Amino acid sequence: MSQTFAFEKYPFLKELGLEQTNHGCFDGEKWTGNGKTFLSVNPTNNEVIAEVRGATPEEYEVAVQNMNKAKAEWVKLPLPRRGEIVRQIGDAFRKHKAALGRLVSLEVGKIVAEGEGEVQEIIDICDMACGLSRSLNGQIIPSERPDHFMMEQWNPLGLVGVISAFNFPTAVFGWNFMIAAVCGNLTMWKGSPSTSLCSVACTKIIIDILEKNNLPKAALTLCMGEADIGNLMVEDKRFPLISFTGSTQVGRIVSEKVSKRFGKTILELGGNNCLIVCEDANEELALKASCFAAVGTCGQRCTSLRRLLIHSSKYESLKEKLVKAYKSVVVGDPLNNGTLCGPLHSKAQIKIYEDGLKQIQEQGGKILTGGKVMDGPGNFVEPTIVEMTNPYAPILQHELFVPILYIMKFDDLDEAIAINNSVPQGLSASLFTSNLQNLFKWTGPLGADTGIVNVNIGPSGAEIGGAFGGEKETGGGRESGSDSWKQYMRRSTCTVNFGKSLPLAQGIKFDL
Ligand SMILES: NC(=O)c1ccc[n+]([C@@H]2O[C@H](COP(=O)([O-])OP(=O)(O)OC[C@H]3O[C@@H](n4cnc5c(N)ncnc54)[C@H](O)[C@@H]3O)[C@@H](O)[C@H]2O)c1
């Protein structure tokens, strides 16, 4: 039986240059794709929207060779010139924000506001990268030797491989590509196979700008595939840096393989994020922040709130308000106005939700609201709150990546911090308090052990200006703002002798 497609239902796809059947490989010169076919499925009804033909290993090889051929030309451009290209790319994303935001919403299942928010992150990172292009400064270091000059020069790494996850199918790529490009690198991207339309659409927007500027298009290549293509990148010495976003399970494999060949990694892996509501917290703020962080993207953000610890003095009242708020959450088609929670991305996630709830109940959890898979053709589940008495229960060590929120009671902040830090992951954590002592304890050395440490805001929804990433099994990577750009460059410590003698460091004498 031939495949039917719902492509025509979504006119905005054509604005993005997409078709019912798409090439999923841009090899630096042309669009191709003779590898596996990936179906783009709408999680709201499981209809197939379109298909994308992935890359073969041979096409991958051509792409890498094209990147290497284009390297010198791209590197030679003055940094602010590359910044100007990225600025133009930002404008192109501005133009396509509405259409691309809807595509993210359609293909992932997140609501349109969050889909557009992702595109806004790309626009923001373009602005930031453009600014960086005039300020990627090295430093001058005083030399101990007379007539010597010592400086640090930052040079590009060359080829950067980006492997990304389904839940942020455009922004994570944007964070990596824009900074890598400004730094002088050429990027190969392998997006998640289940969000391949997003990858094709973003690549088209960028290639168009490179083409208009008559610059090497191999500054970006796309090789859609599964673990096969991902593994080619990971094992390929021609990529000094692999930036991987995905599960801790796959990240561990990637990390081992890349470090075996002495490559560098940026690892952005799973989270298991906690929010602590102190006795002196603003309860209304904590309520709103918890609902957005736990229900947003249907619990499929790496920064989603999983564990909510409430001071016993506020426990009953906040629990009641939370349950009431959850009952008012509109679950439905993420493209519709008014929807707050879309479907899970795939059927596999439904099984994780069901199995997870079974284990939670076996480990003493009590479902307060939700807990059911909803009828219909889509992947809808009820956002769920579970009351746990044991904050160290084994299930709490895992990231289920579904909208299940555990709520628990605590009496002492040190105990709550210990619970926050007791899981293997270390991405994001929040404290709600109006007490300065609590605040500085939380952000200091004996506070939260996560990469993102918030006060009076939830754990999800980071700004691009800060370095994004987490500790422990979250992988230790940092992307986006602050000095994350340094990871896309190699540091050369340069010492120049402008004198007529050869004094050695540490005063060593070596007279011939
Ligand atoms: N920390 C962060 O910044 C961050 C951001 C977004 C998502 N995530 C995490 O991502 C996970 C959800 O995403 P997912 O289900 O797409 O993750 P996943 O690990 O299943 O897949 C991620 C990517 O890795 C590829 N891949 C799979 N096997 C591979 C292999 N052996 N070698 C190389 N590549 C391989 C996949 O095709 C995909 O492109 C969650 O754990 C979430 O917390 C983390």
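As the structure is a prediction and not an experimental result, all values here were calculated from the model. In each ligand, atom 1 is the first atom listed, and ligand 1 is the first ligand listed.
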> For ligand 1, which part of T245 has a heavy atom less than 4.0 Å away: the side chain, the backbone, both, or neither?
Replying inline: both
>> I need the nearest protein heavy-atom contact for atom 43 (O) of ligand 1: residue, atom name and distance, please.
In response: E399 OE2, 2.6 Å
> How does S164 reach ligand 1, by side chain, by backbone, by both or by neither, if only non-hydrogen atoms under 4.0 Å count?
Replying inline: backbone
> Hey, is ligand 1 close enough to L269 that some N/O pair sits below 3.5 Å?
Replying inline: yes
>> Under the criterion ring pair (Phe, Tyr, Trp, His ring centres under 6.0 Å), I'd like the reasoning laid out for F468 against W175: C-alpha separation, chi angles, the key distance, then a yes or no.
In response: CA-CA 10 Å; F468 182 91; W175 297 351; 5.0 Å; yes
>> Apply side-chain hydrogen bond (donor to acceptor under 3.5 Å, both in side chains) to residues T195 and E107 and explain how you reach the verdict.
In response: CA-CA 6 Å; T195 51; E107 209 174 26; 5.0 Å; no
> Quick one: which of E19, E51, E47 gives a side chain to side chain contact (heavy atoms under 4.5 Å, CB included) with F5?
Replying inline: E51
>> Any protein heavy atom at under 4.0 Å, with atom 19 (O) of ligand 1 as the reference point?
In response: yes
>> Tell me the protein heavy atom at minimum distance from atom 12 (C) of ligand 1, and give that distance in Å.
In response: F401 CE2, 3.6 Å
> side chain to side chain contact (heavy atoms under 4.5 Å, CB included) with P403: which of L344, T384, L305?
Replying inline: L344
> Under 4.0 Å from ligand 1, counting heavy atoms only, is it the side chain of F166, its backbone, both or neither?
Replying inline: both
> Within a strict 4.5 Å, meaning less than it, do heavy atoms of the L18 and L103 side chains meet?
Replying inline: yes
